[in-house]
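Every number for a ligand or one of its atoms is a count from 1 in the order of the listing.
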Amino acid sequence: MKIIMLGAPGAGKGTQAKMIAEKYQIPHVSTGDIFRANIKGQTPLGMEAKKYMDEGKLVPDELTVKILLDRVAQDDCKNGYVLDGFPRTIPQAEVLTEALDKMGDKIDYAIDVAVPDENIVNRMSGRRACVTCGATYHIVHIPPKVENICDKCGSELILRDDDKPETVLNRLKIYHEQTQPLIDYYTGKGVLKTVDGTKDMNDVFADIVGILG
Ligand code: AP5
Ligand code: MG
């Protein structure tokens with residue numbers, strides 16, 4: 001099963017993608033997580049990506065597409081994957097469609113996690129992420145058992161650099177300009193499904209399972 005998660009920054013793509021990956025035993029592939037791991041490791045890719053991410057801009061397609069295609073060509077992606085944060089532009093979607101076409105393959109579901117802009121800034125300022133395993137929490141909605149400590153691995157939780165309110169507003173603007181057109185793109189391919197992302201995260205997941213079967 002090949003799944004794409006669509007939705008605004010902070011809609012809950014990562015939260016739901018992790019749950020999908022676990023239930024359906026497919027890898028969770030997040031371009032944002034790949035970039036953040038490279039920033040942490042101070043690789044050349046990480047240093048380049050950081051310039052864009054810190055301002056809430058998109059990393060150029062040339063960099064992003066190669067990384068994603070290399071990742072999904074790996075063995076563990078043979079039986080499918082859930083993409084979180086890719087594609088984010090029409091050119092990225094076209095490259096993915098072409099690459100899959102060549103293998104006689106296609107995306108099965110593009111799931112749009114719909115959340116109005118008003119809810120987003122609040123979610124982002126409350127988000128905390130684990131520096132080690134990437135698990136995410138929300139200080140009010142999904143708090144860790146011990147303040148600022150990851151339930152899963154015991155590491156420290158941090159606020160992401162790009163979650164400052166002014167950066168979030170820029171990410172939202174870019175989302176509407178460059179990423180939202182993908183909703184029409186995947187509607188045209190007959191694979192778009194929309195879920196109400198304002199519900200509790202377990203209810204959102206139940207709706208997604210209802211779609212995926
Ligand atoms: P990326 O990491 O993909 O960030 P994003 O799309 O902005 O999305 P987020 O990760 O912020 O939100 P999410 O939808 O995953 O929400 P989450 O589940 O965490 O990308 C970061 C940057 O990398 C981009 O800005 C860009 O620069 C670059 N980049 C990445 N991919 C790229 C690409 N393809 N091309 C170019 N550049 C790229 O949830 C958010 C919060 O809400 C959490 O605190 C969570 O606990 C909470 N929450 C989740 N669900 C619920 C719920 N149902 N109710 C209440 N709270 C909830
Ligand atoms: Mg995410």
For this session: Give the cluster check for L100 versus V65: same hydrophobic cluster or not, with ILVMFWY residues linked at side-chain heavy-atom distances below 4.5 Å.
Result: yes

Problem set entry | Matching residue for D161 among K40, K50, K51, R127 - test: salt bridge (Lys or Arg N to Asp or Glu O under 4.0 Å) | K50

Exercise. Which residue and non-hydrogen atom of the protein lie closest to atom 33 (C) of ligand 1, and at what distance in Å?
Worked result: T64 CG2, 3.4 Å

Exercise. Is there a path of hydrophobic side-chain contacts, each under 4.5 Å between heavy atoms of I, L, V, M, F, W or Y residues, that connects V191 with Y109?
Worked result: no

Problem set entry | Protein contact to atom 16 (O) of ligand 1 [nearest heavy atom, distance to 0.1 Å] | G12 N, 3.2 Å

Exercise. Taking 4.0 angstrom as the limit, do K106 and D101 come out as a salt bridge?
Worked result: no

For this session: Would you mind checking if R36 and D33 are paired as a salt bridge, meaning a charged N to carboxylate O distance below 4.0 Å?
Result: yes

Exercise. Does a salt bridge link E177 with K173, judged by any charged N lying under 4.0 Å from a carboxylate O?
Worked result: yes

For this session: Within a distance under 4.0 Å of any heavy atom of I142, pick out the atoms of ligand 1 and give their elements.
Result: 46 (O), 48 (N), 57 (C)

Problem set entry | Side-chain heavy atoms of T136 within contact of R128, under 4.5 Å | no

For this session: Using a strict cut-off of 4.0 Å, indicate which atoms of ligand 1 neighbour a heavy atom of R36.
Result: 2 (O), 21 (C)

Problem set entry | Ion pair check, D207 and K199, cut-off under 4.0 Å | yes

Exercise. Which of the atoms of ligand 1 are close to T31, meaning less than 4.0 Å from one of its heavy atoms?
Worked result: 30 (C), 31 (N), 32 (C), 34 (N)

For this session: Number the atoms of ligand 1 from 1 as they appear, then name those within less than 4.0 Å of a heavy atom of D200, with their elements.
Result: 53 (N)

Exercise. At a 4.0 Å threshold, what atoms of ligand 1 neighbour a non-hydrogen atom of Q92?
Worked result: 33 (C), 34 (N), 35 (N), 36 (C)

Exercise. What about D162: any of its N or O atoms under 3.5 Å from an N or O on ligand 1?
Worked result: no

Seminar exercise, completed: min-distance protein heavy atom vs atom 27 (O) of ligand 1 -> K57 O, 2.6 Å

Exercise. What residue and heavy atom of the protein are closest to atom 49 (C) of ligand 1, and at what distance?
Worked result: T15 OG1, 3.4 Å

Problem set entry | Chi angles and distances behind the salt bridge (charged side-chain N to carboxylate O under 4.0 Å, His left out) call for D162, R171 | CA-CA 9 Å; D162 58 350; R171 285 161 65 194; 3.7 Å; yes

For this session: Between M53, H138, R123, K51, flag the one that comes closest to atom 57 (C) of ligand 1 by a heavy atom.
Result: R123

Problem set entry | Derivation and outcome, side-chain hydrogen bond (donor to acceptor under 3.5 Å, both in side chains), residues D200 and H141 | CA-CA 9 Å; D200 174 88; H141 308 300; over 6 Å; no

Exercise. Relative to atom 19 (O) of ligand 1, which among Q178, R171, R127 owns the nearest non-hydrogen atom?
Worked result: R127

Exercise. Using a heavy-atom cut-off of under 4.0 Å, does the side chain or the backbone of L68 touch ligand 1, or both, or neither?
Worked result: neither

Exercise. What part of H141 sits under 4.0 Å from ligand 1 if we count only heavy atoms: the side chain, the backbone, both or neither?
Worked result: side chain

For this session: Looking only at distances, please establish whether an N/O atom of ligand 1 is found under 3.5 Å from an N/O atom of T136.
Result: no

Problem set entry | Within one Ile-Leu-Val-Met-Phe-Trp-Tyr cluster: V115 and L172, side-chain cutoff 4.5 Å | yes

For this session: State yes or no: do L212 and F205 share one hydrophobic cluster built from I, L, V, M, F, W and Y residues joined by side-chain heavy-atom distances below 4.5 Å, directly or via other members?
Result: yes

Problem set entry | contact_flag G126 ligand 1 heavy-atom lt 4.0 Å | no

Problem set entry | Protein residue, atom and distance nearest to atom 12 (O) of ligand 1, heavy-atom basis | G10 N, 2.8 Å

For this session: Answer with side chain, backbone, both or neither: which part of F35 has a heavy atom less than 4.0 angstrom from an atom of ligand 1?
Result: side chain

For this session: Measure Q16 to ligand 1 on non-hydrogen atoms and call it side chain, backbone, both or neither using the 4.0 Å cut-off.
Result: neither

Exercise. Ignoring hydrogens and geometry, is there a side-chain-to-backbone donor-acceptor pair from Y175 to N170 under 3.5 Å?
Worked result: no

Problem set entry | Heavy-atom nearest neighbour in the protein, as seen from atom 37 (N) of ligand 1, with distance rounded to 0.1 Å | V59 N, 3.0 Å

Seminar exercise, completed: Here the atoms of ligand 1 under 4.0 Å from any heavy atom belonging to G85 are 31 (N), 32 (C), 33 (C), 34 (N)

Seminar exercise, completed: Checking heavy-atom distances from atom 3 (O) of ligand 1 to each of R88, M124, K13, the winner is R88

For this session: Walk me through it: do K2 and D105 pass the test salt bridge (charged side-chain N to carboxylate O under 4.0 Å, His left out)?
Result: CA-CA 9 Å; K2 297 189 174 64; D105 208 345; 2.6 Å; yes

Exercise. Looking at atom 53 (N) of ligand 1, what's its closest protein heavy atom, distance included?
Worked result: K199 O, 2.8 Å

Exercise. Which bit of A8 is near ligand 1, meaning a heavy atom under 4.0 Å away: side chain, backbone, both or neither?
Worked result: backbone

Problem set entry | N79 CG: over 12 foreign heavy atoms closer than 6.0 Å | no

Exercise. How far is atom 15 (O) of ligand 1 from its nearest protein heavy atom, and which residue and atom is that?
Worked result: G14 N, 2.9 Å

Problem set entry | Per-atom contacts, ligand 1 versus G197 - under 4.0 Å to a heavy atom | 53 (N)

